[in-house]
Amino acid sequence: MEKKVRVRFAPSPTGGLHLGGVRTVLFNYLFAKKHGGDFIVRIEDTDQTRFVEGAEEYIFNTLAWCGLTPDESPLHGGPYAPYRQSERKASYKQYADQLVQAGYAYYAFDTPAELEKMRAEYKTDENPSPQYNHLLRTKMHNSLTLSEAEVSELLAAGTPHVVRIKMPLDETVSFTDMIRGEVSFNTSQVDDKVLLKADGMPTYHLAVVVDDYLMKITHAFRGEEWLPSAPVHILLWKYLGWSAEMPQWAHLPLILKPDGNGKLSKRDGDRLGFPVFAMDWTDPKTGETTIGFKERGFLPEAFVNLLALLGWNDGTDNEVFTMDELIAAFSMERVHKGGAKFNYEKALWYNQEWIKRATSAQLVEQVAETLAAAGVAADGAILLRVIDLVKERCTLMADFVTQGSFFFVSPSEWDTASIQPKWNDQKNMFFIELAKAFESSIVWEAHDLENTFKEITAAHGLKPGELMLPLRIMLVGGKFGPGVFDIAEIIGKQETVNRIQKVLSILEHN
RNA sequence: GGCCGGUUCGUCUAUCGGUUAGGACAGCCCCCUUUCACGGGGCAAAGACGGGUUCGAUUCCCGUACCGGCUACCA
């Protein structure tokens, strides 16, 4: 029987979740759900110096907003708890010891200062960053160079030390990456990574292997930046005697900055004016808030959609997918190898697509919230009609404010500059009469209003074209929005007449 | 520097050796629209370079160039 698929997303709680991180979650999630498996979130908080208050909560809020609910996590519980590595601290040492016992790892007593000295000493133009590797370990302070007695003495004295993996000489480690195919490394080129730190915490390298094993992870997906350390992990699986259980790997391509080169960073968003984080993130130390896609006015469906199509496609021309469609269509083999430059314009297009496709009923709650935040109280029944009328001209949720406010509150400013140049007494008379006609009309429907409007223009010997724009500006405030008579119908007789008269008086005083 | 990965229109991408190299975003033009959008139609735009393999390479192999990642007791 096939093993049940189990994947994990393993973030460090160090700050906001950016595009790349959410996409990694997404691909994990899609793969798991596609295969009827479980999606686990494990918090990798092994570095206390980088721990950031609130970051873990933020991660779960983001997952909830995106609709990527974990099956197991510190928040959701599960049979392999705890899901926080700091709480699993005690379980790693035995594996480190096991590796030392078997000769696959060793104790190293070098102090940070000694390491620094070593790097400075061996640094050359050809080798700018000397590695603690098979060559240099013979010159350092460790259980390979020290006598057994010395080592026991140091250990007994409680001397601070780390455990390092002993990379073998000139062996080939290879594995099949689900995206890249076979990738191989020569072990002589890989350094002796620290497995267990002096504070007793494991490094990522040990923790990821131990926890993936213990949690029965079948597929391990992570960013491409992890590819260089894959041989360490593969060897660890082997040295711990778990080769048969090793998950299948896939290293996801990076998301690159839109201009120039390099991977996308928070700075690029600040610089180019678009969000990089999924949701607003406030740094607890500086108090500085970084805008998120959610707060910028993206729909979660659009955010998920655009992320999925950054580096993946189903082979057809289809670009708009619901979560269920993504799950059905997803396959790791169709993920791109190369990194993708993030394009905010395209992201906006996805959002507009999703707003367009959403029904007014689906949008009403959020739109009401958005309007309320801008100080506009919007009534439910009318709001539904307004949303239907304006949604196709909204790219971001915030656009509903400019596109929808004038239905509920009179404009505070009018683009009279666009009326004035061609304004004259004749037009003034026309609008006075129009207001009167509107005021006395019995039926208040767009179609009838348009007829009334046309009858009066004809009676005055005017062309509707030169009066339509002034009317629009009177009702809307500017040169935008849906059909003028639809607007008039919705805002009602009194309000329509009021707005016409208000602008008439402004024009008169200029 | 070393190791690993990558390379199709400006951008995201399709192509599983044979295509006028397709689509989308952005750009430009036209239509629709007495506003702004939506929508419809059109234009422009690509296989990094050099060698092989092959009847035939964007596709397979090698080299070069360029780009990226890693090179911490960070993940």
Side-chain angles (χ1 to χ4, degrees), chain A residues 10-14 44-47 49-50 108 110-112 115-116 119 123-133 160-164 177 179-180 183-186 188-191 193-205 207-208 222-231 251 253-254 256 258-263 306 309-320 336-350 352 356 390-395 399 402-403 415 418 457 463-469 471-473 476 478-484:
Chain A
S12 296
T14 55
E44 310 232 341
D45 54 349
T46 54
D47 185 1
T49 64
R50 296 212 314 162
D110 317 279
T111 64
L115 289 172
E116 207 175 306
R119 291 192 181 105
K123 186 175 165 179
T124 61
D125 284 346
E126 293 76 45
N127 185 11
S129 44
Q131 310 260 289
Y132 201 119
N133 60 11
H161 62 277
V162 301
V163 174
R164 285 180 183 272
D177 186 286
I179 294 169
R180 288 152 214 285
V183 182
S184 53
F185 302 82
N186 184 300
S188 297
Q189 303 288 347
V190 184
D191 62 333
K193 291 275 181 236
V194 169
L195 265 21
L196 200 67
K197 303 186 241 186
D199 63 2
M201 276 286 196
T203 59
Y204 172 82
H205 306 294
V208 74
R222 72 235 291 202
E224 189 186 344
E225 69 269 26
W226 288 108
L227 205 41
S229 47
H251 291 86
L254 267 15
L256 279 10
D259 59 338
N261 300 304
K263 65 175 170 180
L306 72 93
L309 273 284
L310 243 194
W312 173 88
N313 70 83
D314 72 343
T316 73
D317 287 340
N318 190 197
E319 294 188 277
V320 179
H336 250 246
K337 296 184 179 79
K341 288 187 183 176
F342 179 66
N343 183 216
Y344 188 56
E345 296 295 331
K346 187 82 185 230
L348 289 173
W349 175 79
Y350 275 108
Q352 188 175 25
K356 249 163 44 193
V390 306
K391 69 179 185 185
E392 62 212 23
R393 47 206 98 203
C394 293
T395 301
D399 294 333
T402 47
Q403 293 291 338
D415 180 12
S418 295
T457 49
K463 288 181 202 147
E466 27 182 354
L467 298 160
M468 203 70 111
L469 188 67
L471 212 213
R472 164 174 301 282
I473 291 173
V476 175
K479 295 187 276 188
F480 61 91
V484 220

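Letters A, B, ... are given to chains in the order of the sequence lines, protein chains preceding strands, and every chain is numbered from 1. Bear in mind that the values here come from a model prediction, so they are computed numbers and not experimental data.
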Quick one: is B/A14 close enough that its OP1 or OP2 comes under 4.0 Å of any side-chain N or O from A/H336?
-> yes
To the nearest angstrom, how far is A/E345 atom CD from B/C9 atom P?
-> 19 Å
Check every strand shown and say whether A/A340 touches a base, only sugar-phosphate, or nothing at a heavy-atom separation below 4.0 Å.
-> sugar-phosphate
Does A/K197 have a side-chain nitrogen or oxygen under 4.0 Å from the phosphate oxygens OP1 or OP2 of B/A75?
-> yes
RNA chain B nearest-nucleotide lookup for A/R180 and A/A108: closer to the 5′ end is A/R180
Output the single nucleotide from B/A37, B/G1, B/G5 whose closest atom is nearest the side chain of A/V183.
-> B/G5
Between A/N313 and B/A14, is there a side-chain N or O to OP1/OP2 distance below 4.0 Å?
-> yes
Base, sugar-phosphate, or nothing: which does A/G481 touch, judged by heavy atoms less than 4.0 Å apart?
-> base
Describe the nucleic acid contact of A/L309 in one word from base, sugar-phosphate, nothing, applying a heavy-atom distance below 4.0 Å.
-> sugar-phosphate
Rounded interatomic separation in angstrom, taking CD from A/E319 and C1' from B/U11 | 12 Å
Atom pair distance, as rounded to whole Å: CZ in A/R50 and P in B/C73 = 14 Å
For A/K391, answer base if it contacts any base atom (sugar-phosphate contacts may also be present), sugar-phosphate if it contacts only those atoms, and nothing otherwise; contact means non-hydrogen atoms under 4.0 Å.
-> nothing
side-chain N/O A/R164 vs B/C73 OP1/OP2, d < 4.0 Å | yes
Does A/R119 place a side-chain N or O at less than 4.0 Å from the phosphate oxygens OP1/OP2 of B/C73?
-> yes
Please work out if A/N186 contacts a base, only the sugar-phosphate, or nothing of the nucleic acid, heavy-atom cut-off 4.0 Å.
-> nothing
Classify the ring geometry between A/W226 and A/H205 as parallel (under 30°), tilted (30 to 60°) or perpendicular (over 60°).
-> perpendicular
Mate of B/C60 across any strand shown (Watson-Crick or G-U wobble, both atom pairs under 3.5 Å) is B/G52
Base, sugar-phosphate alone, or nothing: which one does A/K356 contact when heavy atoms must sit under 4.0 Å apart?
-> sugar-phosphate
C1' gap between B/A75 and B/C12, integer Å = 28 Å
Nearest atoms (heavy-atom pairs only) where A/I179 meets A/H251 = CD1-O, 3.7 Å
Quick one: label A/S12 by what it contacts on the DNA or RNA (base, sugar-phosphate, nothing), any heavy atom closer than 4.0 Å.
-> sugar-phosphate
Is any side-chain N or O of A/K337 closer than 4.0 Å to OP1 or OP2 of B/G69?
-> no
Please work out if A/V194 contacts a base, only the sugar-phosphate, or nothing of the nucleic acid, heavy-atom cut-off 4.0 Å.
-> sugar-phosphate
Does a salt bridge link A/K346 with A/E319, judged by any charged N lying under 4.0 Å from a carboxylate O?
-> yes
Name the nucleic acid region contacted by A/P11, choosing base, sugar-phosphate or nothing; use a 4.0 angstrom heavy-atom cut-off, strictly under.
-> nothing
Euclidean distance, atom CG of residue A/L196 to atom P of B/C73 [Å, nearest integer] | 13 Å
Between B/C25 atom P and A/Y344 atom OH, what is the distance in whole Å?
-> 17 Å
For A/T49, report the nucleic acid contact type (base, sugar-phosphate, nothing); a contact means any heavy atom under 4.0 Å.
-> nothing
Just name whichever nucleotide pairs with B/C4, Watson-Crick or G-U, keeping both distances under 3.5 Å, else none.
-> B/G68
For the side chain of A/E224, starting at C-beta, report the closest nucleotide among B/C70, B/G5, B/U35.
-> B/G5
A/L115 near the nucleic acid: base, sugar-phosphate alone, or nothing, with a heavy-atom cut-off under 4.0 Å?
-> base
When all nucleic acid strands are considered with a 4.0 Å heavy-atom cut-off, which category describes A/G483: base, sugar-phosphate, or nothing?
-> base
